[in-house]
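See structure below.
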Protein chains: 2
Amino acid sequence: MSVPGKLKLVEEDRKAEDYRLDEQVGFVLRKANQRHLAIFAARIGDLTPPQFATLAKLYEVGETSQNRLGQLIAMDAATIKGVIDRLKARRLVALTPHAQDRRRLLVDLTDEGRTAIEALLPIAHEVTDETLAPLTPREAATFLRLLSKLADG
Amino acid sequence: MSVPGKLKLVEEDRKAEDYRLDEQVGFVLRKANQRHLAIFAARIGDLTPPQFATLAKLYEVGETSQNRLGQLIAMDAATIKGVIDRLKARRLVALTPHAQDRRRLLVDLTDEGRTAIEALLPIAHEVTDETLAPLTPREAATFLRLLSKLADG
DNA sequence: CGGAATTCGTTCGTGTACAAATGATATACC
DNA sequence: GGTATATCATTTGTACACGAACGAATTCCG
């Protein structure tokens with residue numbers, strides 16, 4: 001017999017009725033993400049997380065091609081395209097064709113984009129802190145370690 | 001036995017250049033989610049996670065109103081509408097007007113939907129297991145505990 | 001009782017996400 | 001050197017996700 005309420009959720013003794021959606025990693029992961037998104041939106045309403053990630057990464061690595069940037073922030077080509085289009089429309093990034101490789105499109109921060117991201121980085125730190133606030137510092141460190149293992153497979 | 005100065009990523013002494021996107025909870029959360037989605041899609045290609053969650057929850061609680069169902073699986077009214085529309089088009093759920101409250105629309109599994117979810121629940125367990133596979137059972141338990149704290153705020 | 005506030009579902013608009021197909025260009029290698 | 005293969009960006013189509021505004025129905029409360 002399974003003992004409900006104990007922390008043993010191992011792969012034994014399972015029946016269909018044992019499935020509780022609210023305890024599945026995927027579901028909780030989605031909810032955790034939702035909470036983070038809400039915190040992000042409350043503090044950085046002006047930019048979405050993917051848009052912010054794009055600027056932050058560009059700030060970190062400098063000019064790169066669109067696809068490579070997508071790889072760096074784990075977005076596929078179709079997705080990054082839209083993000084960059086919107087950032088470009090707001091003049092936060094600029095595109096120039098690659099001199100040697102005519103397939104490529106180089107993306108870089110504009111001065112305006114650089115100013116924006118520099119102003120946002122401290123706030124982004126706060127977003128991280130607030131997201132992790134339910135955990136003690138020790139728990140947060142553990143959590144991040146395990147989360148990274150999970151994310152990287 | 002604590003390693004002095006090693007894993008101290010506390011909120012001290014920060015500069016803008018200290019921000020590394022790849023270490024922020026939000027970013028890693030998004031990547032972990034992506035990995036989970038890929039595992040889910042590989043095993044349950046036929047249904048999306050929101051669609052699956054909808055069926056699983058209906059299986060758990062039985063007939064409910066559309067909005068209440070949305071609350072149970074953390075989806076807003078606009079989102080659940082689309083999900084239910086698509087499930088309805090595939091005859092996995094059926095809608096009936098509420099007898100007393102004419103604003104409400106009751107959703108329930110069809111026989112076909114019930115059969116489908118019953119067949120999928122064991123596979124869903126495997127999805128959870130595979131997602132958690134990078135962690136030891138002990139780590140997985142810790143992770144889920146911390147993740148829940150994070151998700152619930 | 002009756003108007004105010006709430007709830008339920010719907011629609012619209014914007015922004016991810018990703019698969020699949022496409023065209024243009026580059027690289028490999030035979 | 002020229003074709004097979006790979007890469008880069010784009011487009012199309014589907015599916016969340018959520019804010020905001022809306023009409024219809026219900027509940028609250030004075």
(message) Judged by each residue's nearest nucleotide on DNA chain D, which is more toward the 5′ side, A:Lys81 or A:Leu37?
(response) A:Lys81
(message) Which is more 5' along DNA chain C, the nucleotide nearest B:Asn67 or the one nearest A:Thr48? Just name the residue.
(response) B:Asn67
(message) In this structure, how many angstroms lie between the P atom of C:dT11 and the CG atom of B:Asp76, rounded?
(response) 15 Å
(message) Does A:Arg68, at its CZ atom, have more than 12 non-hydrogen atoms belonging to other residues, nucleotides or ligands within less than 6.0 Å?
(response) no
(message) In whole Å, I'd like the distance from the CD1 atom of A:Ile84 to the P atom of C:dT16.
(response) 11 Å
(request) Measure across A:Lys57 and B:Asp22 and return the closest heavy-atom pair with its distance rounded to 0.1 Å. (result) NZ-OD1, 2.8 Å
(request) Considering only heavy atoms of chain B and a distance under 4.0 Å, specify the first and last nucleotide of DNA chain D in 5' to 3' order that meet this criterion. (result) D:dA15 to D:dT26
(message) If you compare every side-chain N and O of A:Gln100 against the phosphate oxygens of C:dA26 (OP1, OP2), does one of them come in below 4.0 Å?
(response) no
(request) Can you tell me the distance, in whole Å, between the CZ atom of A:Arg86 and the P atom of C:dA17? (result) 10 Å
(request) Figure out the CZ/P separation between A:Phe52 and C:dG15, and round it to whole Å. (result) 18 Å
(message) Quick one: does any side-chain atom of B:Arg43 pair with a main-chain N or O of B:Ile123 as donor and acceptor, under 3.5 Å?
(response) no
(message) Looking at B:Glu60 and A:Arg20, is there a salt bridge between them, counting it only when a charged N and a carboxylate O are closer than 4.0 Å?
(response) no
(message) Could you tell me how far apart A:Leu47 (CG) and C:dT16 (C1') are, to the nearest whole angstrom?
(response) 14 Å
(request) Output yes when A:Asp152 and B:Lys31 qualify as a salt bridge under the 4.0 Å nitrogen-oxygen rule, no when they do not. (result) yes
(message) Strictly below 4.0 Å, N to O, side chains only: are A:Asp85 and A:Arg90 in salt-bridge contact?
(response) no
(message) Classify B:Asp101 by what it touches in the nucleic acid, base, sugar-phosphate, or nothing, heavy-atom distance under 4.0 Å.
(response) sugar-phosphate
(message) What is the separation between atom CZ on A:Arg102 and atom C1' on C:dT27, rounded to the nearest whole Å?
(response) 15 Å
(request) Determine the contact category for B:Thr79: base if any of its heavy atoms lies under 4.0 Å from a base atom, sugar-phosphate if only primed atoms, P, OP1 or OP2 are that close, otherwise nothing. (result) base
(request) Round to the nearest Å and state the distance from A:Met75 atom CE to C:dT16 atom C1'. (result) 8 Å
(request) Give a yes or no answer on whether the side chain of B:Glu118 reaches the backbone of B:Thr115 with a donor-acceptor pair at less than 3.5 Å. (result) no
(request) Could you please name the option among C:dA17, C:dG15, C:dT6 that lies closest to any side-chain atom of B:Arg103? (result) C:dT6
(request) Figure out the CG/P separation between B:Leu105 and C:dT7, and round it to whole Å. (result) 19 Å
